[in-house]
Amino acid sequence: MKKHLLFLGPPGAGKGTQAAIISKTNSYLHLSTGELLRKEIDSNTELGNQVKDIMNRGELVKDQLVLEIVKKNLCTDNKGWILDGYPRNLSQINSLNQVLLNINQPLEIVFYLDIPEEVLIKRLLMRGRKDDNEETIKTRLNIYKETTEPLIEYYKSLSLLQYINADGDLKTVSADIKQKMA
Ligand code: B4P
């Protein structure tokens, strides 16, 4: 059975890493809004130029711009998919609900990747992407706590939430996700 999944959690929890592993094993579409936005920046598109500074500061890109990207990239065929990094606030939840209603593909599982703050800061500093410096990480974490963390309660109330301890090695974390997908 092809599944429709969402990976939720703070920056550096491993959403992108685990979504890539699970989508490869299952031939699912992996839709990472962060990755798609970075591609726009690398290709010097108008959208890329619009979002470059915002992302480098660790702030959220405007909801409407991210929604366009999601609509463009979410497949409507019968393939399973993983949303990674979207939605990130309540307004994005509303837009996503509408999109999923239109394509008649409801979310089935929301994986919440939980991890202690000190571990994720260490991981991000080690990775060293352009937006992985101490100041930007602080901004991203504050925005996460204020706007994204409340989404956990929302999905919990819909009984869609599965808790994942993301403070383990890659294989242990993916094994836990795979087991909870079965
Ligand atoms: P994202 O690209 O979504 O990145 P992230 O949340 O920082 O990282 P993620 O949790 O995916 O961590 P990863 O697996 O890479 O967002 C970047 C920016 O894009 C945002 O700040 C925002 O500006 C913009 N954006 C994206 N979506 C948006 C939206 N919906 N609305 C508005 N703006 C949006 O892992 C991090 C590191 O840890 C890696 O180096 C990895 O190798 C390592 N790692 C992972 N798992 C590990 C493990 N088990 N053990 C050890 N290391 C591990």
Q. Between Lys3 and Met181, is there a donor-acceptor pair closer than 3.5 Å when you use the side chain of the first and the backbone of the second?
A. yes
Q | Hydrophobic cluster (4.5 angstrom, side-chain heavy atoms) - remaining members for Leu141 | A | Ile115, Val119, Leu120, Ile121, Leu124, Leu125, Ile137
Q: Output the distance between atom CD (Gln98) and atom CG (Asn102), rounded to the nearest 0.5 Å.
A: 5.0 Å
Q) Are Leu160 and Glu108 close enough that some pair of their side-chain heavy atoms sits under 4.5 Å apart? A) no
(Q) For a 4.5 angstrom cut-off between non-hydrogen side-chain atoms, does Leu67 reach Tyr86? (A) yes
Q: Measure from the side-chain N and O atoms of Ser43 to the backbone N and O of Glu40, and report whether any donor-acceptor pair falls under 3.5 Å.
A: no
Q. Does Arg127 pair with Asp132 as a salt bridge, N-O distance under 4.0 Å?
A. yes
Q) Do the side chain of Ser32 and the main chain of Gly16 share a donor and acceptor less than 3.5 angstrom apart? A) no
Q | Donor-acceptor contact below 3.5 Å, side chain Ser27 vs main chain Ser23 | A | no
Q: Would you sort out whether Thr172 and Asp169 count as a side chain to side chain donor-acceptor pair (under 3.5 Å), showing the intermediate values?
A: CA-CA 5 Å; Thr172 310; Asp169 60 57; 2.8 Å; yes
Q) Does the side chain of Leu31 reach to within under 4.5 Å of the side chain of Asp84, using non-hydrogen atoms? A) no
Q. Got a donor-acceptor contact below 3.5 angstrom from the Thr33 side chain to the Val66 backbone?
A. no
Q) Once you round to the nearest 0.5 Å, how far does CG of Leu90 lie from CD of Gln92? A) 10.0 Å
Q | CG (Asn104) with more than 12 external heavy atoms under 6.0 Å | A | no
Q. Transitive ILVMFWY cluster of Ile143 at side-chain heavy atoms under 4.5 Å: who else is in it?
A. Leu60
**Q.** same_hphob_cluster(Leu151, Val99) at 4.5 Å side-chain heavy-atom cutoff
**A.** yes
Q | Check: Arg123 side chain, Ala13 main-chain N or O, donor-acceptor pair, under 3.5 Å | A | yes
Q | Glu135 bridged to Lys138 by N-O distance under 4.0 Å | A | no
Q: Any chance you could pull the hydrophobic cluster mates of Leu101, using side-chain heavy atoms under 4.5 angstrom and chaining through other members?
A: none
Q: Working to the nearest 0.5 Å, report the span between OG1 of Thr45 and CG of Leu37.
A: 9.5 Å
Q: Give the intermediate values and the outcome of side chain to side chain contact (heavy atoms under 4.5 Å, CB included) for residues Asn73 and Leu36.
A: CA-CA 9 Å; Asn73 288 280; Leu36 290 166; 3.7 Å; yes
Q | Validation row: Asn97, Leu107 side chains within 4.5 angstrom (heavy atoms) | A | no
Q.
If only side-chain N and O atoms count, and only distance matters, is there a donor-acceptor pair under 3.5 Å linking Glu46 with Gln50?
A. no
Q | Lys/Arg N to Asp/Glu carboxylate O, Lys180 vs Asp176, below 4.0 Å | A | yes
Q: Please work out which of the three classes, parallel, tilted or perpendicular, describes the rings of Trp81 and His4, given edges at 30° and 60°.
A: parallel
Q.
For a side chain to side chain donor-acceptor pair (under 3.5 Å) check, start with the C-alpha distance between Asp114 and Tyr112, then their side-chain angles and the critical distance, and finish with the verdict.
A. CA-CA 6 Å; Asp114 187 25; Tyr112 164 43; 3.1 Å; yes
**Q.** ILVMFWY network linking Phe111 to Val173, side-chain heavy atoms under 4.5 angstrom
**A.** yes
Q) Any chance the side chains of Asn133 and Thr136 put a donor and an acceptor closer than 3.5 Å? A) yes
Q) Do NZ/NE/NH1/NH2 and the carboxylate oxygens of Asp131 and Arg129 come within less than 4.0 Å? A) yes
Q.
Within the 4.5 Å heavy-atom criterion, are Leu5 and Phe7 side-chain neighbours or not?
A. yes
(Q) For the CD1 atom of Ile41 and the NZ atom of Lys52, what is their distance to the nearest 0.5 Å? (A) 7.5 Å
Q: Would you indicate whether the side-chain heavy atoms of Leu29 and Ile82 approach each other to under 4.5 Å?
A: no
Q. Less than 4.0 Å between a side-chain N and a carboxylate O, is that true for Lys145 and Glu117?
A. yes
Q) Do any N or O atoms from the side chain of Lys15 and from the backbone of Gly9 form a donor-acceptor pair under 3.5 angstrom? A) yes
Q | Residue from Asn94, Asp63, Thr148, Thr147 passing side chain to side chain donor-acceptor pair (under 3.5 Å) with Asn89 | A | Asp63
Q. Should Ile109 and Ile103 be regarded as members of a common hydrophobic cluster, given that ILVMFWY residues are connected when their side-chain heavy atoms come within less than 4.5 Å of each other, either directly or indirectly?
A. no
Q) Quick check: does any side chain N or O of Gln18 sit under 3.5 Å from a backbone N or O of Gly14, one acting as donor and the other as acceptor? A) no
